[in-house]
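Structure first, commentary second.
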Amino acid sequence: MATLKRSSTTDRDISPPPTKRKVTTATTSKVVANFFKPASQKEPEKSIFTTVNDSLLVAHFGNANTIDRTRPFKIAAFDFDSTLIKTKSGNKFARGADDWTWWHASVPGRLKQLHEDGYAVMVLSNQGGISLKAPDAKSKTIKSDTKSLENFKGRVLAVANVLDFPISVYAATQKDMFRKPRTGMWERALRDYGISDDNALDLDHAGSIFVGDAAGREGNKAAGIAKDFSSSDRDLAANIGITFHTPEEFFLGEAPLPYTRTFQPTDHLTSTAFTPSITAAHPLEIILFCGSPGSGKSTFYQTHLAPLGYTRVNQDLLKTRDRCIRACRDALGHPDPAQRRSVVVDNTNADVATRAVWIDLARTHKIPVRLVLFTAPPKLCEHNDTVRALASDKILNPEDRTLLPKIAFTSFAARYQPPQLSEGLEEIIPVDFVFTGDATQRGIWSRYWIS
């Protein structure tokens, strides 16, 4: 079946120029000439391409970040693939450094006009297929990783050569704060350009734009229009407060199409969410938590159960289930009865077999087991985890948690079996997610963090 294409307008493609094309700008012609030299004759690329934290690839052509522009700055930022360029081969991913052509014939002229109009033109691109980390000699992908990086650099150099005016390129290669829709690339660009995001005299938010193809458009199979893979470009523009356009809107003048977001954080800031009051119902008991990573379990413990004196057992902290079981036994069976404590098992406890371990332990101590069921849906949990790991506000991450891999959420969903009283539970207490931070933290949490 043919792959669906989005543009309803066709035009003659302009392929990359031959390598001997005469260029008047010294900086870009030197860089591109260096790229096509034999490896033994190449000059070090560090003067053009730099890296940040082995994660962000940065290039400033024509000293784009040091030009003395009129303030407040106007920024015209673009995604790269499927926005400025596309593959000449028609493949989804480029086969090599020369496998590119302009997304539309009007692209280079439009970009040059923006530069002449005083805009700082830059590229903000997610490039998850390349790695900036030092190659591991044992890695089976070392050649492909190196080739992918060099291919991307080659396309960037060739595009900069054709444009022949100052432009900066930022490429996020990891799933960290730099990856769109998170604002790390934008913040790094402002830092490089000496721009204060908070000063209206420094940055013209109303006059700045971001153009990208990840816009959440719904698609139309009958019309041959593919659904967008995400809304990360649109979400980035919303996060930083500038105008967003798709390539079709900006370069071709087409009307906006309907779009949806797979996750809207503010939908979960609702007064209808329910957090029950919970009391120490027994002199000694086990309370099992059951819920996905990021569903609010640890926060619930700190808010509601730590003040009641419950001991927390958590496998993220203790590392193994055996250690968790020993810690639970120590708390419940302390030699001094006055020192015995009820226990909260702050793990995901997704399935019947896992919960049975704790229910059986409770039986040996002849104490009841209650279960708190955290109802937050998967996307909300993923959002919470990302905010917790990447937001600079440490109040949102008191235990200094790192970003969980996607498999942590899919694994929970695959293993999850709804808890039943028949398992030996005295009570099941549903708990909705409720955000409890202050106004500043609410503003951070309400941004778009996942794509």
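Fair warning: this is a prediction, and the values are worked out from it, not measured in the lab.
In this structure, Arg234 forms a cation-pi arrangement with Tyr259, its terminal cationic atom sitting closer than 6.0 Å to the ring centre and no more than 45° off the ring axis.
Aromatic ring centroids of Phe263 and His268 lie under 6.0 Å apart. The aromatic ring centres of Phe251 and His104 sit 6.0 Å or more apart. No close placement of the Trp103 and Phe250 rings is indicated, their centers lying 6.0 Å or farther apart.
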Evaluate the side chain to side chain donor-acceptor pair (under 3.5 Å) criterion for residues Tyr170 and Asp192: first the C-alpha distance (whole Å), next the side-chain angles of each, then the deciding distance (0.1 Å), finally the verdict.
CA-CA 11 Å; Tyr170 296 83; Asp192 289 350; 2.8 Å; yes
List the steps and the verdict of salt bridge (charged side-chain N to carboxylate O under 4.0 Å, His left out) for Arg312 and Glu399.
CA-CA 14 Å; Arg312 178 190 181 206; Glu399 295 178 335; 2.5 Å; yes
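Remark: Phe93 CZ is loosely packed, at most 12 non-hydrogen atoms of other residues, nucleotides or ligands lying under 6.0 Å away. Around the CG atom of Asp336, the shell of radius 6.0 Å holds more than 12 heavy atoms that belong to other residues, nucleotides or ligands.
Applying the salt bridge (Lys or Arg N to Asp or Glu O under 4.0 Å) rule to Arg388 yields the partners Asp385; only residues at least two apart in sequence or on another chain are considered.
For Asn239 (side chain) and Thr183 (main-chain N/O), no donor-acceptor pair under 3.5 Å exists by modelled atom type.
With contacts defined as side-chain heavy-atom distances shorter than 4.5 Å, the pair Arg188/Val52 qualifies.
Below 30°, between 30° and 60°, or above 60°: for Phe300 and His304 the angle between ring planes is between 30° and 60°, a tilted geometry. Ring geometry for Phe374 versus Phe289: interplanar angle over 60°, hence perpendicular rather than tilted (30 to 60°).
Between Arg355 and Glu423 there is a salt bridge, with a side-chain nitrogen of the basic residue lying less than 4.0 Å from a carboxylate oxygen of the acidic one. The pair Lys180-Asp235 fails the salt-bridge criterion, with no side-chain N (NZ, NE, NH1 or NH2) lying under 4.0 Å from an Asp/Glu carboxylate O.
In this structure, a donor-acceptor pair under 3.5 Å is absent between the side chains of Asn151 and Ser148.
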